[in-house]
Chemist: 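One structure, as structure tokens, below. Some questions next.
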Amino acid sequence: MTFHVLTIFPEFFRGPFEHGVVGKAAEAGLIHIQIHNLRDWTSDRHRTVDDRPFGGGEGMLFKPEPLFLAVESIWPLRRPGQKVILLSAQGKLFNQEVARRLSAEEELLLIAGRYEGVDERVAEHLVDEELSIGDYVLSGGELAAAVIVDAVARLRSGVLGNQDSTRWESFSSEEHGLSMLDCPQYTRPAEFRGWTVPEVLLNGNHAEIRRWRAQAACDKTARNRPDLLRNEITQG
Ligand code: SAH
């Protein structure tokens, strides 16, 4: 799978994509990441990508032309498996279900906005989806793009050592028809500063451990994310 990122700060991605699971997957050729500098598609001396908003208001917006030219030159003949995503606080919420859906695509091109955002014709006529990573405003789409690449890449086959680990993690236990958090986990030592790990995890009784984990995941979901349980009830 290939990820393209279109940004005015290409150097930004040196860090996030060189470490851990994503870095290793790229090195092994399981995923490909191409960072494009939006200014390469400008034609004036100052390589201008932004302009003032019509109707007045604060700040500057990305002009449409460099973005359209960039996408049209990266994919001169855009195929259905090549999806363009605009990172935007006004987008639909990105979550694990969206990550799963996107992980089936051939190529993604992520557009990172800056300043006050992007001329709306980009959302209307260039991109397949507008995605937000949460209900807060970032100063740029680069961090959001890195979040999406990370969450999608780790779902591709071969990227994680143990493919089973994505089946049971938070937001993924669709087998039960419930969106749940992962259960609490403990490692050694069994006693740390007087706090002991739950006895059941030490006794090797796998049926009991499974039951304890299901209950603990449920309790933690109810405590930290009751909205997930309510969603299921209203949908179901
Ligand atoms: N004026 C806009 C915010 C612009 S922030 C508004 O109020 O909606 C500048 C850029 O940061 C955006 O173009 C977008 O690419 C990125 N960004 C900000 N918040 C984001 C979020 N929650 N998810 C994804 N991208 C975001």
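As the structure lists them, so they are numbered: ligands from 1, and atoms in each ligand from 1.
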Chemist: Taking side chain to side chain contact (heavy atoms under 4.5 Å, CB included) as the test, write out the residues that go with E18, two or more places apart.
Modeler: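 R14.
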Chemist: Near G140, which atoms of ligand 1 are under 4.0 Å from a heavy atom of that residue?
Modeler: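 Taking each heavy atom of G140 in turn, ligand 1 has 10 (C), 11 (O), 16 (C) under 4.0 Å.
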Chemist: What I want to know is whether G113 and ligand 1 share at least one N or O pair that is separated by under 3.5 angstrom.
Modeler: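 Yes.
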Chemist: Identify the residue among I111, L86, I35 that makes a side-chain contact (heavy atoms from CB on, under 4.5 Å) with L6.
Modeler: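 With L6 as partner, side-chain contact (heavy atoms from CB on, under 4.5 Å) holds for just one option, I111.
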Chemist: With a 4.0 Å cut-off on heavy atoms, is L143 in contact with ligand 1?
Modeler: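 Flag not set, L143 not near ligand 1.
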Chemist: Where's the contact between A89 and ligand 1, heavy-atom distance under 4.0 Å: side chain, backbone, both or neither?
Modeler: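 The answer is both, backbone and side chain.
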Chemist: Flag E116 as yes when one of its N or O atoms lies below 3.5 Å from any N or O atom of ligand 1, and as no otherwise.
Modeler: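 Yes, at least one N or O pair falls under 3.5 Å.
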Chemist: Give yes if a backbone or side-chain nitrogen or oxygen of I133 is under 3.5 Å from a nitrogen or oxygen of ligand 1, and no if not.
Modeler: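 Looking only at distances, the answer is yes, because the N/O contact criterion of under 3.5 Å is met.
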Chemist: If we count only N and O atoms by modelled type, under 3.5 Å, do the side chains of E107 and W75 hold a donor and an acceptor together?
Modeler: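 Yes, side-chain donor-acceptor contact under 3.5 Å.
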Chemist: Test of understanding: given a 4.0 Å heavy-atom threshold, classify the contact between L131 and ligand 1 as side chain, backbone, both, or neither.
Modeler: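 It is the backbone that touches ligand 1; the side chain stays farther off.
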Chemist: Is the shortest N/O to N/O distance between G134 and ligand 1 below 3.5 Å?
Modeler: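 Among all N and O atoms of G134, at least one is under 3.5 Å from an N or O of ligand 1.
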Chemist: Can you name the residues that form a side chain to side chain contact (heavy atoms under 4.5 Å, CB included) with L61, not counting sequence neighbours?
Modeler: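 Per chain and number, L61 pairs via side chain to side chain contact (heavy atoms under 4.5 Å, CB included) with P53, E116.
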Chemist: Please confirm whether Y115 approaches ligand 1 to less than 4.0 Å, judged on its heavy atoms.
Modeler: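 It does, in that a heavy atom of Y115 comes within the 4.0 Å cut-off of ligand 1.
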Chemist: Regarding atom 8 (O) of ligand 1: of the candidates R114, E130, Q90, which has the closest heavy atom?
Modeler: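 Result: the heavy atom closest to atom 8 (O) of ligand 1 is in Q90.
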Chemist: Side chain or backbone, does V137 bring an N or O within less than 3.5 Å of an N or O on ligand 1?
Modeler: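 No; every N/O pair is 3.5 Å or more apart.
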